[in-house]
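Step one of this worksheet: look at the structure below.
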Amino acid sequence: MVLVHGGRLVAQALKRHGTTHLFTLCGGHIQAIYDGCTDEGIRVVDVRHEQTAGHAADGWARVTGKPGVCAVTAGPGTTDVVTAMANAQRAQIPLLCIGGAGPKQLSDMGSLQDMDHVSLMRPITKWSVQVPETQRIGEYIDAAFRIAQANVPGPVFLEMPLDLLMNVGDETELPSTAPLDNPPRPSGDAHAITKAAELLRNAKRPCFLVGSQIHWSPLRAFHDAIRASLEPFGAPVYLNGMARGALPAAHPLRFSRSRRFALAHADVVIMLGTPFDFRVNYGRLGTWNPDGKVVQVDLDGAELGRNRKIDIAIQGDSGLVLEALARELGAPLSHPEWMHAMRAEEDKHIRNMQTEISDNGSPPNPLRVCAELGKRLKPNDIVIGDGGDFVATAASVLPIEWPQLWMDPGPLGTLGVGPGYAMAAKLARPNANVVVVYGDGSFGLHAMEFEAMARQNIPVIALIGNDAAWSQIRRGQVEMYGEARAVATGLDFTRYEKVVEACGGVGFWVERIEELGQALDAAFSCGKPTCINVKIRKSDFRKGAISV
């Protein structure tokens, strides 16, 4: 028998699952976990707001494919991480959040930061529960990892009271449970796949929408396999969310700027792991061809057919279903007239963008700023979008391709994800350049995290598109209510780079186009947390974009 405290049992269980980093903001209720992590060689990474700790666990999962882990203290420590947990749930990201709590024997007596954390977390997690006793810590952590990754991935919350962490348990009595090598993934109903292949054989104008669920597919580890599974269909492919980069930027089937045209004219649309939500106008007429057929593939059976009628429903893993569909198809398909029309539409939009990308005026055009960043990205680099208008511009301009990663909050649209995602990404992929593309509004939410980065030697790059406004909201506000009534959306051209300098990083202020390249080059080479604050001119590129 070897007795150790509960915090050490937590660290031992996390280590069994391959956890190497724990993201946290300190609190007395959880300090035993830090002590255990020190013994087990798990790096404790501290942040300045619990929301960032949650986003970091989320970011770790996106980069590594395995659940990230954060620990927060009781009361406001747990309420502060709620936004990150809600964002992870909506984006289908597996993570484990450990929450502290007062001693069990003082529950409901008014101990410091006493509240019902489990009920608070239940609506925004896959599983929210209090660990009942010290000796069962390992069992519950095994279950948390299993549940977070099973079926549709998502966040899990484990509450661990102070006395449970301070009490001792026998480290030689390991739980009978154990980590799974890989989470099981459904491959889809074979009959439905056969029917979908037949639809594609008869289609004249098919297209594919590939969403973030493919990021969690076993096929995700083999980039060539995904490309090989898409190529036989000879159809336009649109990549959303974490699927960005699944096809090389120059691949003839990869499209990005013509999706509305495709949906309005396609006679068969294959939806892979992406919902009928606001991003595709809920599958409604006006955006979608009323005579088109739809095949929807999703890990969540309850998602199939939500918001619109579909013709074939397949509950399954996007990558595995795609592979089976290509195998069922047999001979490759070709749609030369359709592809020619789609390429003409795509090129038209790209030509319109190119005018602004080539703009040499000052202050710099936002499309030009993003294009200059794109020139400097290496094959292993990671770009994080934290903002509205400027981030949407970057998403349109930057030609991400695996192993590069694009990370944004997803459909909840949470601002403030940048620092947490970036810290986790840099720690998970140390040799990568990690760039946060910021709006000037979103930078203000968690700017002090640059102190945590500088102090812990986590060099990331912030590129701010500074137009002195919450532009994604303000543009429509001015159109609806007029300039004089556009309140709460105006900002100043604030020198945010000086905040980063004060925190121990490096800052650059850019007002002229000729200063931009030099600042980017210096940021990529300096080895410190860096902020390039670019005063950008107004652009009509995003005019008409909805913000609700």
Side-chain angles (χ1 to χ4, degrees), residues 62-63 207-212 214-215 220 223-224 226-228 230-231 235-262 274 279 339 342-359 364-387 389-408 410 421-422 425 429 431-438 461 463 465 516-517 520-521 523-524 532 534 536 539 541-542 545:
R62 294 178 191 236
V63 176
C207 75
F208 285 70
L209 270 61
V210 185
S212 293
I214 204 164
H215 190 76
R220 168 64 176 82
H223 305 152
D224 291 343
I226 291 177
R227 183 175 63 187
L230 284 166
E231 287 176 339
V237 176
Y238 295 89
L239 305 167
N240 306 316
M242 288 184 293
R244 291 176 187 268
L247 290 177
H251 197 283
L253 299 184
R254 176 168 161 170
F255 291 75
S256 62
R257 305 301 306 154
S258 54
R259 189 174 70 181
R260 182 174 288 272
F261 180 88
T274 190
R279 291 168 292 185
M339 291 297 293
M342 287 303 308
R343 184 55 59 189
E345 183 70 16
E346 182 84 2
D347 289 347
K348 179 179 72 176
H349 289 281
I350 291 174
R351 282 194 301 271
N352 292 339
M353 291 171 54
Q354 196 60 48
T355 301
E356 296 195 59
I357 289 173
S358 303
D359 188 342
N365 184 289
L367 279 78
R368 175 64 180 275
V369 174
C370 296
E372 290 296 325
L373 170 62
K375 293 176 184 177
R376 290 161 173 82
L377 294 176
K378 302 295 190 297
N380 204 40
D381 289 350
I382 297 172
V383 180
I384 295 155
D386 188 0
D389 216 55
F390 187 59
V391 168
T393 299
S396 298
V397 172
L398 296 176
I400 301 296
E401 58 183 82
W402 287 342
Q404 292 175 337
L405 289 177
W406 169 272
M407 297 161 59
D408 62 30
Y421 283 9
R429 198 181 280 187
N431 296 324
N433 294 302
V434 176
V435 183
V436 185
V437 176
Y438 268 117
I461 301 164
L463 175 63
L516 178 60
L520 284 165
D521 291 339
F524 271 75
I532 309 165
V534 185
I536 56 174
S539 168
F541 175 65
R542 293 268 300 152

By side-chain hydrogen bond (donor to acceptor under 3.5 Å, both in side chains) - contacts of S539 (at least two apart): E356

Applying side-chain contact (heavy atoms from CB on, under 4.5 Å) to L377 and Q404, what does each step give before you reach the verdict? CA-CA 9 Å; L377 294 176; Q404 292 175 337; 3.7 Å; yes

Can you spot which of R429, M242, R244, R62 makes a side chain to side chain contact (heavy atoms under 4.5 Å, CB included) with L405? R429

Check I536 against P366 and note the closest heavy-atom contact, atom names and distance. CD1-CB, 4.1 Å

What donor-acceptor contacts under 3.5 angstrom involve side-chain atoms of residues 245-255, with partners at least two apart or in another chain?
{"from": "H251", "atom 1": "ND1", "to": "L253", "atom 2": "N", "distance (Å)": "3.1"}
{"from": "H251", "atom 1": "NE2", "to": "E231", "atom 2": "OE2", "distance (Å)": "2.7"}
{"from": "R254", "atom 1": "NH1", "to": "L247", "atom 2": "O", "distance (Å)": "2.6"}
{"from": "R254", "atom 1": "NH1", "to": "I400", "atom 2": "O", "distance (Å)": "2.8"}
{"from": "R254", "atom 1": "NH2", "to": "I400", "atom 2": "O", "distance (Å)": "2.9"}

Could I get the full list of side-chain hydrogen bond (donor to acceptor under 3.5 Å, both in side chains) partners for K375, not counting sequence neighbours? E372

Search all heavy atoms of A394 against all heavy atoms of V437 and return the closest pair with its distance. CB-CG1, 3.9 Å

Under the side chain to side chain contact (heavy atoms under 4.5 Å, CB included) test, residues paired with D359 that sit two or more places apart: N365, R537

I want to check something: taking the side chain as every heavy atom from C-beta on, are F390 and V369 in contact at a cut-off of under 4.5 Å? yes

Can you tell me how far the OG1 atom of T274 sits from the CG atom of L209, to the nearest 0.5 Å? 6.5 Å

Go through the steps for D381 and V435 under the test side-chain contact (heavy atoms from CB on, under 4.5 Å), then give the verdict. CA-CA 8 Å; D381 289 350; V435 183; over 6 Å; no

Distance-minimising heavy-atom pair for I532 and A523: CD1-CB, 3.6 Å

Could you pull out all residues at least two apart from D521 that satisfy side chain to side chain contact (heavy atoms under 4.5 Å, CB included)? R376

For A392, all residues meeting side chain to side chain contact (heavy atoms under 4.5 Å, CB included), sequence neighbours excluded: R542

Nearest heavy-atom approach of L463 to V534 is CD1-CG2, 3.8 Å

Going by side-chain hydrogen bond (donor to acceptor under 3.5 Å, both in side chains), name the residues that satisfy it together with Y438, two or more places apart in sequence or in a different chain. none

Determine the minimum heavy-atom distance between L367 and M353, stating which atoms define it. CD2-O, 3.8 Å

So, do R343 and P236 sit near enough that their side-chain heavy atoms are less than 4.5 Å apart? no

Between atom CD1 of I350 and atom CD of E345, what is the distance when rounded to the nearest 0.5 Å? 11.0 Å

Could you work out, with ring-ring contact (aromatic ring centres under 6.0 Å, His included) as the rule, every residue matching F524, not counting sequence neighbours? none

At what distance, to the nearest 0.5 angstrom, does CH2 of W402 lie from CG of L239? 8.0 Å

Under the rule for side chain to side chain contact (heavy atoms under 4.5 Å, CB included), what residues qualify as partners of V434, not counting sequence neighbours? I382, I384, A422, A425, K426, V460

For the side chain of H349 and the backbone of S258, is there at least one donor-acceptor N/O pair under 3.5 Å apart? no

Which residues satisfy the side-chain hydrogen bond (donor to acceptor under 3.5 Å, both in side chains) test with S396, sequence neighbours excluded? R257

For A371 and V397, work out which heavy atoms get closest and say how close. N-CG1, 3.7 Å

